Every structure is written in structure tokens, then in C-alpha cells.
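Accompanying notes for the structure given below.
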Amino acid sequence: MKKYLVAAALIVGFVTPALAEQFYVAFDPASHKCSMMHSMPSGSMKNMGGPYKTKAEAHKAMQGMKDCTA
């Protein structure tokens, strides 16, 4: 029984970091605005940076980007 508990604890320990949230900053040339996304931008949107670990980190990076402040 202990073997199963140890195995489950190890699995949870290795999987948990993979479930962490990531943020990307994308620029939409049509609207000339930047936005934060949870996945890589596709289509006409331009990837401006990422992945960022927190929403605050992505927001701070977005404020420093030339295209996002204009």
C-alpha cells in the first residue's frame, strides 16, 4: 500500500508544474491593440512575447512594448 502512495505522490509532484498557467502578449494589427492570451497567438495576431509566468508579469512587459503603448 505504501508503494502506491509514494508513487502517487511522485506523480503529483512531477505533474503539478506542468499545469502552471502561462501568458502571452499578442498584437492585433487590425485594431492596433495588445492583449494577453493563455495560448500562442494565431492568424493575423503577432506574438509580442511570452511565455510569462504570471498575469502581472505579462502586463508589465506589455506596458514596456512600443507597439502596445501607441
Side-chain angles (χ1 to χ4, degrees):
M1 182 71 170
K2 286 184 181 182
K3 285 191 246 181
Y4 294 115
L5 291 174
V6 171
L10 287 173
I11 290 171
V12 168
F14 286 113
V15 172
T16 301
L19 299 175
E21 216 171 6
Q22 293 182 341
F23 295 93
Y24 296 88
V25 176
F27 176 72
D28 185 4
S31 66
H32 300 285
K33 293 184 179 181
C34 288
S35 59
M36 285 183 274
M37 308 176 115
H38 290 285
S39 61
M40 291 286 286
S42 60
S44 65
M45 296 192 84
K46 178 182 169 189
N47 183 18
M48 297 296 289
Y52 299 103
K53 294 179 183 177
T54 64
K55 190 174 184 178
E57 188 179 301
H59 190 272
K60 184 177 179 181
M62 191 168 61
Q63 288 178 336
M65 294 178 184
K66 181 182 165 189
D67 291 338
C68 296
T69 57

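These figures come from a predicted structure and were not determined experimentally. By convention here, the first residue in the shown sequence is residue 1.
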- Query: Of the non-hydrogen atoms in Cys34 and Val25, which two are nearest, and what is the gap between them?
  - Reply: CB-CG1, 4.4 Å
- Are Tyr52 and Met48 in one and the same hydrophobic cluster, where Ile, Leu, Val, Met, Phe, Trp and Tyr link if side-chain heavy atoms are under 4.5 Å apart? yes
- Atom of Pro29, atom of Ser44 and distance for their closest heavy-atom approach: CD-O, 3.3 Å
- Task: From the options His32, Lys33, Met65, select the one residue that forms a side-chain contact (heavy atoms from CB on, under 4.5 Å) with Phe27.
- Result: His32
- Message: Is it the case that the ring center of His38 lies less than 6.0 angstrom away from the ring center of Phe23?
- Response: yes
- Item | Shortest non-hydrogen separation from Met36 to His59 and the atoms involved | SD-N, 3.8 Å
- Mind listing the closest non-hydrogen atom pair of Ser35 and Met62 along with its distance? N-SD, 4.1 Å
- Message: Would you compute the distance between atom OG of Ser31 and atom CE of Met45 and round it to the nearest 0.5 angstrom?
- Response: 7.0 Å
- Roughly how far apart are Tyr24 OH and Met40 CE, rounded to 0.5 Å? 5.5 Å
